[in-house]
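Data first, discussion second: the structure below is written as structure tokens.
We count ligands from 1, going down the list as the structure has it; atoms in each ligand are counted the same way.
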Amino acid sequence: MKAGIVVFPGTNRERDMAIALRSVTGVAPRMIWHRETDLPDLDLVVLPGGFSYGDYLRCGAMAAHAPIMPAIRRFAQAGGHILGVCNGFQILTEAQLLPGALLRNAALRFLSQDCFLRVERNDTPFTRHWKRHDVFRTPMAHGDGNYIADHETIRMLEDTNRVAFRYVAADGRLDANDSTLNPNGSMGAIAGVFSENLRICGMMPHPEDLVDPLMGGEDGKPLFTGLVEALVG
Ligand SMILES: NC(=O)CC[C@H](N)C(=O)O
């Protein structure tokens, strides 16, 4: 799988993402600097986590207007696969490649902790190596992960099954009003969403940080092995 990782000034998760991709593909992904205006021939574009442009204005707001973004838009329009994690998810919403927005966490604090995610559907390139409603552990580390959208958009996401992951308890219990389970206060406990064609996925937690027993677990690995199978066969 030919993967490319887009790097903005302030991105800090590109190396974790590269290690995760390399561990499942055997090939080092291409690093793509934000000033580029074209993408190489790729199967997957990844927008990793971090603090692009220092989180000025809003997280992801400036990156959404970076020189590389028109090429990413063209890639999306041509049906390309894009994964945005944490700041990458924020950038995809700011660029309106995914619906909704990420507000400051309800507790008004940066949260760095493990959380549990429930897989909402497994018929997508990103989730095919899980079963529907599987629960997996994954680290999160963000200040602005509180997913919000207008009620019509939330209804559309629910009606069309475009919620990718929700924050739940380790045993799968869902309660969006329980701040221990839904720590950033996201509407519907939404942790990740898909584009209409299911080829763009944005999520706040970091599956790339749990892909090796040496990292404390492999809970995040199915996302990457599933993508390789879907995109390369
Ligand atoms: N780990 C990250 O990507 C953090 C994203 C963003 N800077 C935030 O604090 O919400």
Practice task
Tell me yes or no: between the side chains of N184 and H142, is some donor less than 3.5 Å from an acceptor?
Solution key: yes
Problem - Residues that F136 engages under ring pair (Phe, Tyr, Trp, His ring centres under 6.0 Å), provided they are two or more places apart - result: W130, F165
Practice task
Please answer whether the main-chain N or O of R137 pairs with a side-chain N or O of D219 as donor and acceptor at a distance below 3.5 Å.
Solution key: yes
Practice task
Identify whether the distance between the nearest side-chain nitrogen and carboxylate oxygen of R166 and E120 falls below 4.0 Å.
Solution key: yes
Handout entry: Ring centers of H81, F75 separated by less than 6.0 Å
Key = no
Problem - Neighbouring protein residues of ligand 1 - any heavy atom closer than 4.0 Å - result: G49, G50, F51, D55, C59, C86, N87, Q90, F110, A141, H142, G143, D144, H206
Exercise for the section: Calculate, to the nearest 0.5 Å, the distance between atoms OH and OG belonging to Y147 and S186 respectively. Expected result: 9.0 Å
